[in-house]
Chemist: 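Here's a structure for you.
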Amino acid sequence: MNRGQAHTLEGIVAGMILLASILFALQSTVITPLSASTSNQHIENQHEALARGLLTVTGEDGTMKDALLYWGQEPDATENRFHCASSKTKHYTGNPDHNLCSLTQSELNTRDHLPPNAFGKQLEETYGKGIATNVRLRYLDGSNHETQFLVFQGEPSDNAVSETSTVVLYDSDRLRTSDGGEGAKLKNAEDVFYAPDNWPGERIYNVITVEVTVWRI
Amino acid sequence: MADLTGERSRAQMLLIGAFALATVLVVLALLLNSAIYTENRATRGQATVNSGQAATFVGGLDRNVGSLVTHLNEDLDVDTYSVLESEVVTNTNEITAGIESQYANRGFLVEVPDISASSVTHGTRIVQDTDTLISGPGNSPDWTVVSNQEVRRFELSVDPDAIPTIADRFTIKVTDSASDTWEITFHQTGSGEEVTVFPPVGSSESCTASVGTTSVGITNASMAGRPCPALEPILDLPGPYTVEIRNGDEASGTYELTVDDEKGDLSTTYNDPGEGTSATDQPWAVPAIYDVLTEFEYRSLALRFDGEILVAPGEFDD
Amino acid sequence: MRIAKETRTESRGGRGQTTFDFQVGATIFLVSTIFVLSFSPALLEPFDDASKGDTVATDRIVSKLATDEFGNPSKPYVLDRGTTEDFFDGGGVSDIEEHLRPGQNINIALTGFISGSEASLCWDDDDRQFVHVGDAACDIEFEVGSDPADQNGVVSSRRVVQIGGQRATLRVRMW
């Protein structure tokens, strides 16, 4: 009788060892963080390279500078903001506030967290659905570095990529109105604009770093 | 297991077999893991040495200092070389200080040493800003704009006459350093303006626009804001260039170009700006900056990149 | 006593029968072995994708084209219209196809948004502008290679570029 039970026990234990080993093997090969598997690494590389190309191209043709200057003092608003940004924040997160906006529905982006100008259009065309973007503007205030968001969609995930580019604003540059026309000169709009005149009396207004962060949701 | 008397026992073959299979599977998992990880590292792209960021920095420096040069050149209040120099030096150093500070805030060390007057090349901006005939300062229809100079940002907006004979049309002749002469003729056809480019050898090519007055960019091969393939070969010509105009009285319009010699050293004597808008006061020339030489150094954790760039917005190979 | 003898004879003897307990143990072992062996192909599942090597190739090709071949390395992503047209019109892709493995295909296209929709670009020589492939005014197509259609394992890489004032996307696909 002892002998017989020992056989059973032996068979069970052997089976359990095998099952444990296959469980271990499957778990460890799949769990090599899925976010770092080859195909996901490739997608991250593409996002980074696309961001670099986007910043270079929009810097060259001036649409990035226009997006930085797409700021105004909306009538009946207590704060200045980017045109059509939602009323709680000064930047674009979604659901543009139509009370503060002179653009029609068709002129706004289909992804309403993006700026309704050529820069936002380029962001929309480059990154499809399922990808979140943050655009962060850093400007100088004396020796401090301050931040103003252009687009904010939340905290980036661990696998986000980002690229930066720099733009110089001059005292003689003009703000843009919501339909793309020219508004007040920066040197006269210092109390309205998000960035101060870091070199008062000189022709340079400020140096702004544009940082685009992209991640998959 | 207790009773082994005279009996051959399997000696727990099942257990040993199970151990052996389990070891095989675990080792297989180890091998597969290392293969996945190796492939992941191999395809990681720019993660460690991000040379793309360095290239973006240099491109940004070029673009931003270039915007300053254009800005200063177009400001007619700055009209002597000494004032231009001090403005360029002061403002470039401010811009680069701002850029250095921004990059340092994010963990990159970039150093752009302050430029001095010796990094700046004096030039001249030759401008006609009222819509008159494109004849020279002495009202001559055939005249030499510049002789043996580097040229950048050469743009026109002209309305030519309709002339059937090619030799009588408004023509810009560009001679490069290899003594090849390219002729660019402008004339009005029934449907709009036509620009024809005649190479030294080979057949000519044309671009047309459907309006009578269009903008033409010689240094960026464009017409009416769109690319003009006929002008593209001119972008590859080696400088310095000699630019001449023939039959300047067959077209009227505005133009400008920037060359790399001081106003007093040019072969043609130009008027000063602001003297008037009649044909005798045009074109005029004003001191300008031709280019700025900037050194830079970029350092990140894994990359050190240094060099210098010559900022000259609108140059032929730009 | 007799039974005891018989039992002992059975467990010792050459009757060639296994005890019931041994059967249970061995069955459990065999079942788990078969289960485990049937799961081991799943270990190789991450390596199933035969086109993995192509991701690196497409990335390198599009990077070289967008920053070097079609433009100037000191001005990346700004393409020279004439050089790009010469590549698409003059069969420059054969230099790349020489280095592909047999059975590998490549498709290089410059796509852009015109009037809200995205498709491959085509140069219209008469109006000197970019239109979509398929437009009547299309003269020189900026796309080479066959269409992958519904192939599985198509890998693509893209770059944002500017050509002749038009913002576009350079896309390389391999399968």
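In the text below, chain A, chain B and the rest are named by the order of the sequence lines, each starting its count at 1.
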Chemist: Atom CG of B/L72 and atom CZ of A/R203: how far apart are they, to the nearest 0.5 Å?
Modeler: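 Reported to 0.5 Å precision, the distance equals 4.5 Å.
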Chemist: Looking only at side chains, do A/T166 and B/R63 share a donor and an acceptor under 3.5 Å apart?
Modeler: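 B/R63 and A/T166 do not have a side-chain donor-acceptor pair below 3.5 Å.
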Chemist: Checking B/T56 against chain A: side chain, backbone, both or neither under 4.5 Å from a heavy atom?
Modeler: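 It is the side chain, since no backbone atom gets that close.
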Chemist: Please look at B/L61 and chain A and tell me whether the side chain, the backbone, both or neither of the residue comes under 4.5 angstrom of a heavy atom of that chain.
Modeler: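 Contact with chain A involves no heavy atom of B/L61 at all.
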Chemist: Could you tell me whether the side chain of A/R52 reaches within less than 4.5 Å of the side chain of B/Q53, counting heavy atoms only?
Modeler: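 No, their side chains stay 4.5 Å or more apart.
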Chemist: Could you tell me which of A/V207, A/T56, A/I204 has the largest number of non-hydrogen atom pairs under 4.5 Å with chain B?
Modeler: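 Heavy-atom pairs under 4.5 Å are most numerous for A/I204.
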Chemist: So for B/T23, is it side chain, backbone, both, or neither that comes closer than 4.5 Å to the heavy atoms of chain A?
Modeler: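 The answer is neither part of B/T23.
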Chemist: Any side-chain heavy-atom pair from A/S21 and B/L21 closer than 4.5 angstrom?
Modeler: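 Not touching, per the 4.5 Å side-chain cut-off.
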Chemist: Is A/V13 close to B/L15 at the side-chain level, that is, under 4.5 Å between some pair of heavy atoms?
Modeler: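 With C-beta onward as the side chain, the pair touches.
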Chemist: Report the C-alpha distance between A/S172 and B/H71 in whole Å, list the side-chain angles of each, state the deciding distance to 0.1 Å, and finish with yes or no for side-chain contact (heavy atoms from CB on, under 4.5 Å).
Modeler: CA-CA 9 Å; A/S172 57; B/H71 193 89; 2.9 Å; yes
Chemist: Please step through side-chain contact (heavy atoms from CB on, under 4.5 Å) for the pair A/Y170 and B/L68, ending with a clear verdict.
Modeler: CA-CA 9 Å; A/Y170 296 93; B/L68 174 70; 3.3 Å; yes
Chemist: Verify, without hydrogens or angle tests, whether A/H145 (side chain) and B/S101 (backbone) share a donor-acceptor contact under 3.5 angstrom.
Modeler: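 At least one qualifying donor-acceptor pair exists.
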Chemist: Output the option from A/V167, A/L19, A/L55 having the highest count of non-hydrogen pairs under 4.5 Å with chain B.
Modeler: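 The answer is A/V167.
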Chemist: Any side-chain donor paired with an acceptor under 3.5 Å for A/T209 and B/Y103?
Modeler: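 A/T209 vs B/Y103: no donor-acceptor pair found between side chains.
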Chemist: B/V78 versus chain A, heavy atoms under 4.5 Å apart: side chain, backbone, both or neither?
Modeler: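 Answer is side chain: those atoms of B/V78 sit under 4.5 Å from chain A.
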Chemist: Check whether any side-chain heavy atom of B/F57 lies under 4.5 Å from a side-chain heavy atom of A/T164, and answer yes or no.
Modeler: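 Heavy-atom side-chain distance check fails, nothing below 4.5 Å.
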Chemist: Does any N or O in the side chain of A/E202 come within less than 3.5 Å of the main-chain N or O of B/N91, such that one atom is a donor and the other an acceptor?
Modeler: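 Not at all, since once roles are kept as given, no pair shorter than 3.5 Å links the two residues.
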Chemist: Could you check which of A/N198, A/I22, A/N206 has the highest count of heavy-atom pairs closer than 4.5 Å to chain B?
Modeler: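 Looking at each of A/N198, A/I22, A/N206 in turn, A/I22 comes out on top.
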